[in-house]
Amino acid sequence: MHDLLVVGAGPYGLSLASHAAAAGLGPRVFGRPMASWRDHMPRGMFLKSEPWASDLSDPAGRLRLESYCAEQGMTARHGTPIPVETFAAYGQWFARHAVPAVDERTITRVAARSGGFEAVTEDGERVAARAVVLAVGVLPFVEVPPVLRALDPALVSHSSHHSDLDRFRGRDVTVVGGGQAALETAALLAEQGTRVRVLARADRLRWNDVPPPLDRPRTRSLRSPHSGLGCGWRNWFYAERQGLYRRLPGATRARIAATALGPAGAWWIRERVEGAVEVLTAHRVTGARPVPGGVRLELDTPGTGHSTRYLETEHVIAATGFRATLDRLALLSPDLRADLATTADGAPVVGHTFETTRPGLFLAGLITAPAFGPSMRFIHGATFTARTLLRGVRRHLRGSPPGGLAHVPAGRDLREGVGVAGPG
């Protein structure tokens, strides 16, 4: 039986595996390194985060994105976006240098067993471990608006379903959403000759500011410090004090999770959208049905007295984000899933070391954002997660009580303040 099984080989899984290997735990890691970055983002996309905020985490801090770029004869500069292809290659380089051999098979099921857990690979091998970390990224949590879900995949897709956009050359495409994924997808479509428009519910698009220089007068830095999530003390708190964030009242965390760092486009994409892409703000899709040649959308336009208009398009791309809830972790056996407590919004409860209410089962990445804040939606959160979660794994392997959670009956919803032991 292995001490630790890591399911997922993206930035969080690889970072955790690096720390675990350095601690002598000999983790068994499953997944294709950086698969979502390699296979689910079109060519031509860039990272929204700054290069210095996009490092995977190794204990010595040597395997930074900057180091990889220097080795490749490139320079990672503040204020200069990094191509997604470069970041994906960096992650693979990191895996080769910092992580034990990664088994690229997919884990299809994780179940509880005596003394720990049993995972099943895509070809049927059973692997036992005393502790398991699910670092499954964002793809299990794809969110398509209910009004679009019944349509054939030939007519509607999620923005994460495309490794390239060539199939849409010369066609008419409508992108639903107002965030970076929507705006960058629309820009790439327009630049290849696609007739494209953006539908956004907000009354206007929002754009991030050009980041100020890293080297600034001290007074300006004190007023608005840099952080891995942008400038300002609030962003700094989200980015650098995740442990304190978890101590906030549950209602406050839920509100922040729903509103902080909302949909916005990067400053460097703005000139590629404005004047090049048709943008319809204050429009909400209220109906959709197939018609010859594509889809007929019914749109509610509140700004005109909630009038209804119709739009026909050949394909809809839903750039509508992700919803990380326990019911979408389909690889967990029903019994194990039922054994986990959840928050009011359906996310699994995790303690202060990322351990669920099932001792030995840990979570990492987006699904922990309700507990630890917005940084878990970005690469920047990987360092805090790796260091903190590893402490929980080591405590579990020593047989200590679970990190930060009192006993919770199987399947129980954990509402604010109930079942949480200590300050976290």
side-chain hydrogen bond (donor to acceptor under 3.5 Å, both in side chains) partners of [range], not counting sequence neighbours, each pair once:
| range | result |
| --- | --- |
| residues 6-24 | H19-S57 |
| residues 65-77 | E71-W93 |
| residues 144-154 | E143-R149 |
| residues 187-196 | E191-R272, Q192-T194, R195-E314 |

Do [X] and [Y] make a side-chain contact, defined as non-hydrogen atoms from C-beta onward lying under 4.5 Å apart?
| X | Y | result |
| --- | --- | --- |
| F378 | K48 | no |
| V316 | L148 | yes |
| L65 | W52 | no |
| T86 | V84 | no |
| V175 | L199 | no |
| L134 | F362 | no |
| W236 | H226 | no |
| L25 | L397 | yes |

Holding to salt bridge (charged side-chain N to carboxylate O under 4.0 Å, His left out), I want the full list of residues that pass it with [X], two or more places apart in sequence or in another chain.
| X | result |
| --- | --- |
| E122 | none |
| D3 | R130 |
| R32 | D39 |
| R28 | D103 |

- Task: Just jot down the side-chain hydrogen bond (donor to acceptor under 3.5 Å, both in side chains) partners of S375, sequence neighbours excluded, or say none.
- Result: Q242

- In chain order, what residues pass the side-chain hydrogen bond (donor to acceptor under 3.5 Å, both in side chains) check against S36, with sequence neighbours excluded? none

- Heavy-atom neighbours of R201 CZ exceed 12 at 6.0 Å: no

- Taking everything shown except R171 itself, do over 12 heavy atoms lie less than 6.0 Å from its CZ? yes

- Verify whether one side chain among S49 and S54 offers a donor that lies under 3.5 Å from an acceptor in the other. yes

- Item | Polar contact flag, side-chain donor to acceptor under 3.5 angstrom, S157-H315 | yes

- Task: Go through the steps to decide whether V295 and L297 satisfy the test side-chain contact (heavy atoms from CB on, under 4.5 Å), and finish with yes or no.
- Result: CA-CA 6 Å; V295 182; L297 299 177; 3.7 Å; yes

- Item | Pairs meeting criterion salt bridge (Lys or Arg N to Asp or Glu O under 4.0 Å) with involvement of residues 153-170, two or more places apart | R43-D166, D166-R169

- Task: Dump the intermediate steps for side-chain hydrogen bond (donor to acceptor under 3.5 Å, both in side chains) on T286 and D300, then the final yes or no.
- Result: CA-CA 6 Å; T286 55; D300 180 43; over 6 Å; no

- Looking at residues at least two apart in the chain, or sitting in another chain, which of them share a ring-ring contact (aromatic ring centres under 6.0 Å, His included) with W268? F46

- Short N-O contact, D345 and R323, less than 4.0 angstrom: no

- Task: Before accepting this row, confirm whether a basic side-chain N of the pair E125/R105 lies closer than 4.0 Å to the acidic partner's carboxylate O.
- Result: yes

- Task: Kindly compute the distance separating CZ (R255) from CG (L248), expressed to the nearest 0.5 Å.
- Result: 9.0 Å

- Query: What distance do R270 atom CZ and L183 atom CG have between them, rounded to the nearest 0.5 Å?
  - Reply: 10.5 Å

- Evaluate side-chain contact (heavy atoms from CB on, under 4.5 Å) for E274 paired with W207, printing each intermediate quantity in order. CA-CA 11 Å; E274 293 183 340; W207 302 96; 3.7 Å; yes

- Item | F87 and Y90 aromatic ring geometry - parallel, tilted or perpendicular at 30°/60° bounds | tilted

- Task: On the 0 to 90° scale, with breaks at 30° and 60°, tag the F237-Y245 ring pair as parallel, tilted or perpendicular.
- Result: tilted

- Query: For the side-chain hydrogen bond (donor to acceptor under 3.5 Å, both in side chains) test, which of E278, R197, E312 pairs with T174?
  - Reply: R197

- Message: Let's go through L336 and V110 carefully: what are the C-alpha distance in whole Å and the side-chain angles of both, what is the deciding distance for side-chain contact (heavy atoms from CB on, under 4.5 Å) to 0.1 Å, and is it a yes or a no?
- Response: CA-CA 8 Å; L336 183 51; V110 175; 4.1 Å; yes

- Item | side chain to side chain contact (heavy atoms under 4.5 Å, CB included) partner of P374, the single match among T259, N235, I256 | I256

